[in-house]
Amino acid sequence: MSVQPMNPFFKEIKKPVELTMTGNYAVAGAVSQTDPDVICAFPITPQTQSVEGLSDVVNHGKLKAAFVNVESELAACAFSTAACAAGARTFIATASQGLLLMAECLPMAPGWRVPLTMMISARAFNSPNLSIWNSWEFTLLSGMGWNTIVSENVQETYDAAIIASKISEDSLFPTQFVHDGFIISHSAQKFFAIPDEDVLKYTPRKPRHHINTDKTGTWGGIVTPDYFGEGRLALELEKNKVLPIMDNAFKEFKKMTGRSYHSIETYNLDCSSKTVFLTMGSMCGNILTWMEHNKDVGLIKLRTWRPFPTEQLRKIIEENNIEKIIILEKDDDLSGILPPVGQSVASALFGINVVLRSLIVGLGGRDVTKDEIEYAAKKMKPITDNRGKLYDYLGVRETKDKMWEVRF
Amino acid sequence: MSVQPMNPFFKEIKKPVELTMTGNYAVAGAVSQTDPDVICAFPITPQTQSVEGLSDVVNHGKLKAAFVNVESELAACAFSTAACAAGARTFIATASQGLLLMAECLPMAPGWRVPLTMMISARAFNSPNLSIWNSWEFTLLSGMGWNTIVSENVQETYDAAIIASKISEDSLFPTQFVHDGFIISHSAQKFFAIPDEDVLKYTPRKPRHHINTDKTGTWGGIVTPDYFGEGRLALELEKNKVLPIMDNAFKEFKKMTGRSYHSIETYNLDCSSKTVFLTMGSMCGNILTWMEHNKDVGLIKLRTWRPFPTEQLRKIIEENNIEKIIILEKDDDLSGILPPVGQSVASALFGINVVLRSLIVGLGGRDVTKDEIEYAAKKMKPITDNRGKLYDYLGVRETKDKMWEVRF
Amino acid sequence: MAENKEKIPKYLVRFHGRGGQGAVTAAQLCSMAFDGPATCMPTFGAERMGSPVASFARMSKDYNQVRTNEQVYSPQYSCILDDTLLEDVDCTAGMVPGGYLIVNTCKPYEEIREIIEKNNPPEINVALIDATTIALEYLGRNITNTLILGALVKVAPQIFTLDELITAIADQFNPKIAQKNMDAIKTVPDATKIYPCDDKVKISFEKDYKKEWSHIGLGKLGAAELDKAGVWFTDVIDGGSARVNTGSWGVSYATFHPEYCIQCGNCVFICPDLCIEREFRDNKWQIVGVDEFHCKGCENCVYVCPGKKDKETGEKHKALTMVMKC
Amino acid sequence: MAENKEKIPKYLVRFHGRGGQGAVTAAQLCSMAFDGPATCMPTFGAERMGSPVASFARMSKDYNQVRTNEQVYSPQYSCILDDTLLEDVDCTAGMVPGGYLIVNTCKPYEEIREIIEKNNPPEINVALIDATTIALEYLGRNITNTLILGALVKVAPQIFTLDELITAIADQFNPKIAQKNMDAIKTVPDATKIYPCDDKVKISFEKDYKKEWSHIGLGKLGAAELDKAGVWFTDVIDGGSARVNTGSWGVSYATFHPEYCIQCGNCVFICPDLCIEREFRDNKWQIVGVDEFHCKGCENCVYVCPGKKDKETGEKHKALTMVMKC
């Protein structure tokens with residue numbers, strides 16, 4: 001190959017350095033810096049280069065890790081969960097139908113408190129048609145108990161790979177970090193890489209429970225109705241500690257790099273209209289560039305999707321007297337209620353006096369442009385209550401020559 | 001076998017007859033009456049007898065159907081979806097990890113408008129421990145686009161097997177019908193069976209699009225970003241027609257049997273406390289028996305889980321001036337927001353002035369008794385707003401000798 | 001809870017048995033025999049042949065009384081298919097005062113009473129029947145579920161009659177088995193002996209005697225005490241079945257006769273519970289006996305044992321035979 | 001939209017090429033060469049060797065200007081790696097008036113102008129360079145992405161300099177390839193010819209010229225028109241690639257010389273596009289030609305052809321050879 005994308009990570013990175021790489025290769029670099037013991041994933045567009053990049057670093061010799069090929073995503077998830085349960089720092093990556101194929105295995109890592117780290121290059125799932133492009137499939141499986149953080153751009157997804165590894169091991173819950181497939185995975189952007197030594201200091205290996213022959217036990221064995229609920233409550237109680245653990249990981253990351261992250265980040269909330277967009281991932285950049293010329297709306301950017309930062313969001317809405325929320329989300333679910341992000345926000349804000357609408361955009365790789373953002377802001381202006389349908393599709397054709405008109 | 005559970009369905013049922021059977025065998029009987037062409041499922045507790053029962057009827061010769069054994073639930077779902085897409089009336093059944101293993105295949109049937117019918121004997125999934133007993137795993141995968149109805153007892157699950165077949169074919173969306181695993185699947189109850197001829201008249205075979213060599217086409221082929229969103233909106237527009245289709249199926253069912261079903265059923269809503277329980281499935285029976293002695297609360301029983309009957313629920317709450325809703329649900333999701341049923345209800349009722357709490361009960365087969373119902377009603381009395389955490393676990397031990405106390 | 005004096009009675013019956021003895025079918029026969037709304041269900045334990053199981057029937061002419069899908073926590077009637085269970089399980093738990101404990105046993109009343117008194121039961125009547133002997137005679141197997149129902153009819157004829165029970169049996173079983181059961185059941189009324197309690201204690205068919213949170217398993221580890229969710233380390237919880245006395249589950253157990261053993265090893269491989277004991281002697285593993293603590297009496301070893309001719313008599317004898325416990 | 005006069009300029013560049021020509025790498029090199037925040041991305045089409053692809057670079061000293069992850073809809077510079085694309089794709093779509101269309105071509109300006117006028121472009125400058133000839137000479141392959149960037153430097157030196165571009169190339173490629181590219185790129189400024197538009201038209205580096213909903217694909221079937229979601233019946237949509245002129249994608253195509261063919265069939269099996277034509281003659285299938293409408297010029301058939309000795313000269317000749325189009 002004439003182009004050697006992983007070249008910067010073949011040698012020790014000794015000081016902060018600016019690189020230009022695609023999201024997937026940047027993640028591969030970051031993961032290699034966290035010194036994983038096991039990498040096991042099945043290739044699927046648009047996740048593939050993240051694992052290819054890691055295979056380059058392993059092949060080159062810089063990273064000493066077991067690079068394990070398996071026959072499917074289900075096998076990848078099972079193998080990774082077991083490897084991680086046995087004590088290995090383990091990385092896995094997937095997207096779309098690959099994530100769905102893992103579904104049978106996904107609940108085990110949270111249940112057994114296995115600190116697996118997974119990259120998702122978010123992509124549509126195959127309904128009604130196969131699409132290799134971006135949607136938010138990951139919101140469909142949000143109830144599995146994984147921590148989930150979402151990144152806006154290449155810098156964030158590079159950083160997220162490192163932060164996620166720390167969150168997993170500090171919380172003993174597996175962590176997914178998500179970027180928008182193609183839009184970020186295949187976009188080359190400038191970003192700053194962190195020195196190897198700093199990454200290793202930030203993600204130290206800590207003693208944790210793991211499968212071994214000295215302290216034997218049964219992992220996930222059958223329990224009668226006398227214990228199952230108690231096990232779930234035990235998980236919930238531990239899960240309640242995750243948001244503070246994330247806050248701490250963000251704080252220490254800032255100390256190391258100067259880059260400041262939070263579970264929720266806000267922009268221009270004291271705007272005149274008291275109206276905010278709420279979304280995640282790459283669309284935040286689109287909205288922020290648009291806001292350069294449109295100062296009368298704000299933005300709430302969710303970095304942490306799971307556990308959902310309920311209390312923080314309530315506080316932000318109430319303290320800033322936000323009156324209207326326009327959710328933009330790249331998913332839907334044909335359920336007759338709000339789509340996934342809307343459902344989470346409505347649950348978090350239930351009983352708060354705020355007007356809310358959710359707009360489904362950008363499915364299957366459709367670009368989200370200033371047209372959608374402008375339309376949404378304009379459409380929201382006359383809305384003053386929560387009557388009628390609270391969601392609709394935006395930026396799609398009704399017929400050959402006619403845009404679908406949002407009805408609410 | 002000295003006991004022959006499927007005996008009543010070996011011969012033609014000519015007039016309404018009272019039988020005593022378990023939920024699973026009753027379903028097997030009902031499905032045999034709808035004259036399916038293909039039965040394909042992988043056995044998993046507590047679903048197994050439904051398929052075993054059907055194999056008895058096929059083996060006996062009463063039912064002429066292809067009974068197809070496969071190696072896993074994923075294969076069962078793929079085979080069934082394809083068989084149904086090819087025009088066969090097809091039945092499938094599963095539970096728990098089996099449903100999760102189908103996840104990769106579940107989106108296709110709604111996407112391709114394939115009227116598959118699936119029974120779910122609801123069971124916990126394996127996190128943290130394996131449990132073969134009842135929880136609501138199906139709420140975890142509610143975003144797949146399947147119609148879903150839930151039954152309280154053996155009569156209802158027998159009827160649901162027949163109604164679901166009609167809903168699937170009338171709406172051209174696949175339909176799941178759910179009963180609580182063990183509690184209903186393994187409980188023998190008295191129920192009335194419908195004459196074969198009436199069932200066949202109720203579920204006529206209608207012409208529909210299907211794979212054939214006369215009108216060729218591509219099913220679920222790849223589309224670029226130019227079409228994917230349009231395909232999803234097309235599904236949504238068709239999905240909006242499902243609730244009226246269900247209403248019609250219930251209406252025709254009442255004409256045939258006298259048994260009256262609705263997407264939402266209500267009891268005692270003009271109670272003095274203006275407080276209602278909201279739940280699904282077998283717990284409705286528990287609450288109704290308890291309400292015999294407790295006349296100051298009401299019950300909202302959700303029969304239709306997907307599509308969620310949003311408008312109906314809003315109307316019921318507003319017209320009856322309901323002030324408080326106590327949701328009881330047999331699922332959780334460690335997400336930091338309301339558990340699945342709570343999320344759906346909060347989304348449906350967002351902006352309505354009602355106090356809402358969700359209590360997680362009965363996980364992994366823990367019985368839900370009058371103790372939980374009484375505790376919930378009592379706990380709700382002083383609550384007057386939606387501040388703080390809106391959900392908690394109920395009916396579990398905190399320590400050996402101490403019940404977990406609900407904190408909200 | 002508000003008391004409703006006009007209440008239509010509800011009948012709550014609990015069956016205790018071991019996997020394979022037909023406790024679940026017994027509850028189902030109740031539901032079928034009762035003329036009115038009725039449900040029944042098993043406890044939701046993992047059912048293995050021989051392990052303790054329970055099942056419930058709930059019957060009332062008032063549908064709303066039996067619409068609940070709860071298990072039964074305060075039965076008026078508790079029927080015990082296997083008297084060894086009285087030692088392992090509190091078969092009187094939650095019973096309604098003035099209710100009946102019906103036990104299949106060949107033991108005398110005093111001995112049974114002594115066992116159940118350990119659990120401080122409420123004031124209850126006891127009915128005893130040696131159903132095993134009847135079952136072995138009529139059915140050829142120790143399946144006593146229909147016979148215990150015959151005893152239930154004797155003590156509570158208001159729930160359903162013997163005729164109604166026999167109709168239910170005819171519906172549920174294949175004709176041959178049904179006929180044997182119907183023949184056997186007719187001997188039950190005479191064979192059932194009743195030991196009544198204080199007749200001032202009036203049985204209630206309306207009140208609920210369930211102790212609050214009695215279904216929660218208090219005494220077992222709670223959420224805050226589980227080490228790592230889903231992981232049961234062996235220093236916290238005893239793993240394995242070493243301590244579970246499955247040998248108490250059966251009516252018989254296997255015993256070993258070394259003089260007829262040819263050391264073929266068939267029994268070692270067939271035993272589902274690893275009960276065939278071996279020792280390493282003379283440079284090889286040799287069968288030396290049976291682990292009676294775990295033998296559930298399945299007889300598989302007996303079936304596969306080829307046996308050996310007795311040197312003196314020339315008759316063939318098996319090296320493993322069954323011994324009855326009672 | 002409010003206009004901000006103090007705006008820091010943003011540079012928007014679009015590349016049109018065919019899969020394998022390096023359009024994506026070209027955009028990435030822009031991002032690397034630019035001294036400041038920059039992003040670049042491909043269009044998200046399924047990229048096959050030879051199929052039309054586009055990529056974008058967005059650069060500005062003001063981070064907020066380039067924070068968006070949208071594709072580029074109104075470039076100031078549109079760079080065409082393969083002039084055959086001008087016929088298939090509107091390469092001037094959305095262009096900023098006063099911007100530059102840079103084309104790799106050996107055709108005269110008038111001919112190029114005539115082609116692009118069909119799409120009614122805004123007032124734009126045109127720069128032409130025969131990069132293919134340079135590439136074949138210096139690199140030995142028709143990969144012209146770095147050369148077109150050299151032309152971009154000539155028309156827009158304010159974005160990045162030739163030195164900055166050369167540094168980016170050195171970072172991105174392995175040393176041998178990088179050196180060849182750097183040697184070639186130095187010849188570009190002289191080889192680039194500029195055809196300016198009316199100089200009263202002032203290029204804007206702030207305004208957005210995107211036409212509303214231009215990214216939605218109006219003209220294609222909408223949600224209400226899809227027959228059954230997910231099912232594309234062939235009476236609604238033409239299936240297959242029969243009508244797609246993939247033969248226009250390459251710079252060369254294969255041609256068949258029957259006199260050197262031994263009918264081994266290697267070419268039939270290796271061709272990824274089923275372009276080797278056969279006829280049923282004399283009771284067997286015989287290779288008779290090449291489907292030029294679909295041949296993308298991959299040369300695989302040439303590599304596997306064993307060829308045959310010429311009867312007269314004794315020299316070995318292949319039955320398939322490549323023919324250049326230009």
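Protein chains get the first letters and strands the later ones, always in sequence-line order, with residue 1 at the start of each. Keep in mind that the numbers below use all heavy atoms, side chains included, and drop hydrogens, waters and symmetry copies.
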(request) Among A/N129, A/T369, A/T22, single out the residue with the greatest number of heavy-atom pairs under 4.5 Å to chain D. (result) A/T369
(request) Answer yes or no: does atom NZ of A/K378 have more than 12 heavy-atom neighbours from other residues, nucleotides or ligands under 6.0 Å? (result) no
(request) May I ask you to name which of D/A168, D/G217, D/P37 has the most heavy-atom pairs under 4.5 Å with chain A? (result) D/G217
(request) Let me know if D/K211 has heavy atoms under 4.5 Å from chain A in its side chain, its backbone, both or neither. (result) backbone
(request) Quick one: which of A/N7, A/T20, A/V368 has the most heavy-atom pairs under 4.5 Å with chain D, could you say? (result) A/T20
(message) For a quick check under 3.5 Å, do D/D208 and A/H293 share a side-chain donor-acceptor pair by atom type?
(response) no
(message) Heavy-atom pairs under 4.5 Å with chain D - which of A/E18, A/M21, A/E152, A/M283 has more of them than the others?
(response) A/E152
(request) Give the member of A/K402, A/M291, A/E372 that has the highest number of heavy-atom pairs under 4.5 Å with chain D. (result) A/E372
(message) Heavy-atom cut-off 4.5 Å, strictly under: side chain, backbone, both or neither for D/S214 against chain A?
(response) backbone
(request) Report yes or no: do A/W136 and A/E329 form a side-chain donor-acceptor pair below 3.5 Å? (result) no
(request) Select one option (side chain, backbone, both, neither) describing which atoms of D/F56 are under 4.5 Å from chain A's heavy atoms. (result) neither
(message) Quiz question: by atom type and distance under 3.5 Å, do the side chains of D/N142 and D/T132 form a donor-acceptor pair?
(response) yes
(message) Pairing donors with acceptors under 3.5 angstrom, does anything connect the side chains of D/N69 and A/S282?
(response) no
(message) Can you give me the closest heavy-atom contact between A/V154 and A/Q189, atom names plus distance?
(response) N-OE1, 3.1 Å
